[in-house]
Every structure is written in C-alpha cells, then in structure tokens.
2 protein chains.
Amino acid sequence: MSISAPDRTDESLIALRRILRATELFARDLAQAVGLSPAQLRVLQIVAERRSVTPKALANQMGVSQATVTALVDKLVARGMVERIPSEQDRRQTNIVATQVGSAHLENAPDALQQRYVAAFARLRDWEQAQLVSSLERVADMLDAQDIDASPVLTTGDIQSGRKG
Amino acid sequence: MSISAPDRTDESLIALRRILRATELFARDLAQAVGLSPAQLRVLQIVAERRSVTPKALANQMGVSQATVTALVDKLVARGMVERIPSEQDRRQTNIVATQVGSAHLENAPDALQQRYVAAFARLRDWEQAQLVSSLERVADMLDAQDIDASPVLTTGDIQSGRKG
DNA sequence: GCAAATAATTCAACCTTCAAACCATATTTA
DNA sequence: TAAATATGGTTTGAAGGTTGAATTATTTGC
C-alpha cells in the first residue's frame, strides 16, 4: 500500500528472473555441447569437484532423491564418465568417482557463460566487485536462510584463478 | 595469475549458486503445494500474469519447444486451470487464458519464498535497495546479454505492492 | 543373536522435452 | 484465382528425469 519504494521490488525480481533464466538456458546448451543431459552434467561436476562422493551426499547436495541419483549415475557409468567404488569403511556405501574420460569431458567443455561472466566480473573495478559480492550474498541470504553446502560450481571447469581443492 | 581480487569471483559464483538453488528447490515445493508440477505452475503463472498468451509466446518465454507447451497446456486444461480460446484475428492462433479456478489456485498458493524475500527486501534502507537492484541488474547483464522478455514473475501471486496489469 | 536404522538399488508410474510429421490457416507470388 | 510458401499448433514416438514404495545388504544398538 505504501508508495515509498514502489517498483524496486519488482525490478529486483525481474533481474533475479533474468539471472535464473540465463543460467537455466545456458545449462541446457552446455550439457548438450558436452553430450550429456543437464542433470547428468551436474552430477559429473559435483563428482569431479569433490574427489569422491556417495549417492546420499549427492542427493542431498542436488536436492533430489537417492533413486534419482542412482538413475543418473547409471547413465554416467554407462557412458564411462564415472565409476562406482564400494566403500571399505562402510560396505553399505558406494563412492562415486570421475574417470579420466569424465574429467576430460569436463575440462574440454566450453564454458561460454562462465567465461563471459568471469571475464565481465574481472573487468569491474575493485570496489564494484566487492559491492556485487556483498549484494549477491545478501540476496542469497534472503532467499535461502538455510544451511546449504554450495560449492563454487556454477557450470564447469574450475574457476580461472587457480584454486586447487 | 594476478592476486588482486582472487576469491571474489568464487564468492560471487557461490552466492549465485545459492540463489539458484534456493529458487529451484522452492519452485518444487510451491508447485507441489499447489498440486501442479513446476513446469505446469510456470505456465499458469505466465498465463495469469498476461491476460492471454499464445503457445508460441509461451514457448519463447519459457525457452522450450511448442510441443512441450502443448503438452503442458493439455494438463492444465484437463485440470480446469486454463482454457484454449481460438483467436479471431488469426485462426491459426490459440489464446490461452486462466480460468477462475486457475486464478484462485494462484491466489491461494503459499508464497513463502517470495514473502520472505519481499519482506526482507522491504526492510532494507532505501539506498540499500537501490544498490541491490543495481547489482542484480548488472549480474543479469553479464549473464544473459541477450534480449529476454522477463516479466516480474518469480514465483506466484502478484507482488504485494499493488500493481494491476 | 536380533531388531532397528542406514545406504543403495530396483520397480512402476508419471512428468518433461523434443524432433519430425501433420493439419489448418495466412501470406506471397505467379 | 491458384499454387507455393510460411506460420501456428498439435500429434506421435522416443529418451530422460523424478519419485515413493519395496528390496537387499550392512551396520548399529540392545
């Protein structure tokens, strides 16, 4: 009802939606370029980033059920991108690791969006970068307000600035 | 190689990813609460916001094929949420409009995330809001750099600040 | 040892998505 | 006007994604 900051909320939502849309559309293109589905690519990314991960952890991080992860991993195994390695600590668990083929696919994947974003980001002045990070984190806080294990995987390939796990 | 702004890029990507994840997870929960699938809900939202929209426009806005839109609209029609109304200007076209049932479902949909976001946003100081909008738009520009028709639909229901189409 | 909890898989059902083929209408061109 | 072309939508068939419930194997607790 008040009129103080009228369309600002709309504007922010519109911008947010543009961000969502751009990343979603890009995820599809990228996955297609790699020859995988978006979901499969996401699994491969996570598996590659962590050296080894269980289906349960994968399910948690992706926000899908374990059954879904099983199906996705099946496909990746069939394509020789990942391997299932039974855990020795706990024989109920399975560790999923990327094969060389899988890693290579990720390396070679074109990362147009991330390239573009990273490049544009790097081009900003220092204080602008700081402000952007601050703003994004603020929005993220407003949105999730949950504990979430978000690793710096937006698309594929490690961020340019060397940063080894 | 330079060390000036090393992890800022990572930080921004992580925040971005949190945003993506929060909205994605929420979209599922919301859709489930409404009794529709996420894709169906998206269609209903767009249809409700614009008074009337053709499958082609819907496909463009959603970034999917027309065939997909047809399938989604079929489901919504079956549930009595939308109607197909043949255009009179151009008989090849079909206009899709929300029924009262469909509109009502949207109205009643719990909009937890948007509530939370809008509330948190409103709580910010004026200059903070302005800065946030500016930052989000900047990121959106970096990401899409395409012409995109993004309407202010993040989730559901109109933004609280009265705003009648 | 035995019951309960946990990790993963299988199964059946439903949803999304798309390319290609197809139908109807509109527009252009001869 | 008739034919060719373009456009909007739908149908169909195939490939996936997603899940809840049931199942198997293992671990944990008593």
Side-chain angles (χ1 to χ4, degrees), chain A residues 21 24-47 52-79 81-97, chain B residues 21 24-47 52-79 81-97:
Chain A
R21 194 188 140 93
E24 182 192 338
L25 292 182
F26 172 70
R28 286 189 223 166
D29 291 351
L30 175 61
Q32 194 178 6
V34 182
L36 297 173
S37 71
Q40 288 167 21
L41 178 58
R42 248 161 75 213
V43 171
L44 183 54
Q45 286 171 213
I46 296 174
V47 169
S52 163
V53 63
T54 66
K56 173 153 193 106
L58 219 32
N60 283 341
Q61 181 161 352
M62 294 180 64
V64 300
S65 71
Q66 251 171 280
T68 301
V69 170
T70 295
L72 293 173
V73 170
D74 280 349
K75 304 263 171 73
L76 288 176
V77 168
R79 281 173 174 71
M81 301 281 189
V82 304
E83 265 178 328
R84 276 190 244 249
I85 298 182
S87 167
E88 303 197 342
Q89 336 280 310
D90 185 336
R91 291 218 184 94
R92 291 169 303 180
Q93 293 185 49
T94 301
N95 288 111
I96 300 163
V97 300
Chain B
R21 194 190 141 92
E24 181 191 338
L25 292 182
F26 172 70
R28 285 189 224 167
D29 291 351
L30 175 61
Q32 193 177 7
V34 182
L36 296 172
S37 71
Q40 289 166 20
L41 178 59
R42 249 162 76 214
V43 170
L44 183 55
Q45 286 172 212
I46 296 174
V47 168
S52 164
V53 63
T54 65
K56 175 155 193 105
L58 218 33
N60 283 341
Q61 182 162 351
M62 294 180 63
V64 299
S65 72
Q66 249 172 281
T68 300
V69 170
T70 295
L72 293 173
V73 170
D74 280 349
K75 303 264 170 71
L76 287 175
V77 168
R79 282 173 174 70
M81 301 281 189
V82 304
E83 265 179 327
R84 276 190 245 247
I85 298 181
S87 166
E88 302 198 343
Q89 335 280 311
D90 185 334
R91 291 216 184 96
R92 291 170 302 182
Q93 292 185 44
T94 301
N95 289 109
I96 299 164
V97 300

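Each chain gets a letter, A, B and so on, in the order the sequences are listed, and its residues count up from 1.
At a threshold of 4.0 angstrom between heavy atoms, the contacts of B/Ala71 include nucleobase atoms, whether or not backbone atoms are also involved. Nucleic acid contact for B/Thr94: sugar-phosphate only, since backbone atoms but no base atoms lie under 4.0 Å from a heavy atom of the residue. As judged by a 4.0 angstrom heavy-atom cut-off over every strand, A/Thr68 is placed among the base-contacting residues. Here B/Ala67 lies in heavy-atom contact (under 4.0 Å) with a base. B/Thr70 comes within 4.0 angstrom of a base, heavy atoms only. Here A/Gln66 lies in heavy-atom contact (under 4.0 Å) with a base. Looking at heavy-atom distances under 4.0 Å, B/Arg42 makes no contact with the nucleic acid at all.
Side-chain contact between A/Thr54 and A/Thr94 is absent, with no heavy-atom pair separated by less than 4.5 Å. A/Val97 is not listed as a side-chain neighbour of A/Val82, based on a closest heavy-atom distance of 4.5 Å or more. A/Gln40 places none of its side-chain heavy atoms less than 4.5 Å from the side chain of A/Met81. Two residues are said to be in side-chain contact when any heavy atoms from C-beta on lie closer than 4.5 Å; A/Arg84 and A/Val77 meet this criterion. For the pair A/Val69 and A/Val43, the minimum side-chain heavy-atom distance is 4.5 Å or more. By the 4.5 Å heavy-atom criterion applied to side chains, A/Met62 and A/Leu72 are counted as neighbours.
D/dA6 atom C1' lies 12 Å from atom CG of B/Asp90, rounded to whole Å. Rounded to whole angstrom, the span from the CD atom of A/Gln93 across to the P atom of D/dA25 amounts to 18 Å. Note: CD (B/Gln32) to C1' (D/dG17) measures 16 Å, nearest angstrom. Between B/Arg91 atom CZ and D/dA6 atom P the separation is 23 Å, expressed in whole Å. If you take CG of A/Asn95 and P of C/dA7, they are 13 Å apart, rounded to a whole angstrom. Separating the CG atom of A/Asp74 from the P atom of D/dT18 is a distance of 14 Å, rounded to the nearest angstrom. In this structure, A/Lys56 atom NZ and D/dT19 atom P are separated by 14 Å, rounded to whole Å. Taking atom CZ on B/Arg28 and atom P on D/dT18, their separation rounds to 7 Å, with Å as the unit.
Proximity of A/Gln40 to the phosphate of D/dG17: a side-chain N or O atom is located under 4.0 Å from OP1 or OP2. Within the 4.0 Å cut-off from OP1 or OP2 of C/dT9, not a single side-chain nitrogen or oxygen of A/Arg92 is found. Within the 4.0 Å cut-off from OP1 or OP2 of D/dG9, at least one side-chain nitrogen or oxygen of B/Thr54 is found. For B/Arg79 and C/dC15, the shortest distance from a side-chain N or O to OP1 or OP2 is below 4.0 Å. Within the structure, every side-chain polar atom (N or O) of B/Ser37 is placed at least 4.0 Å from both OP1 and OP2 of C/dC14. Between B/Lys75 and the phosphate of C/dC14, there is no side-chain N or O to OP1/OP2 separation shorter than 4.0 Å.
Residue order along DNA chain D, read from the 5' end via each residue's closest nucleotide, puts A/Ala39 first among A/Ala39 and A/Glu88.
When distances run from any side-chain atom of B/Pro55 to the nucleotides D/dT19, D/dT10, C/dT16, the shortest one goes to D/dT10.
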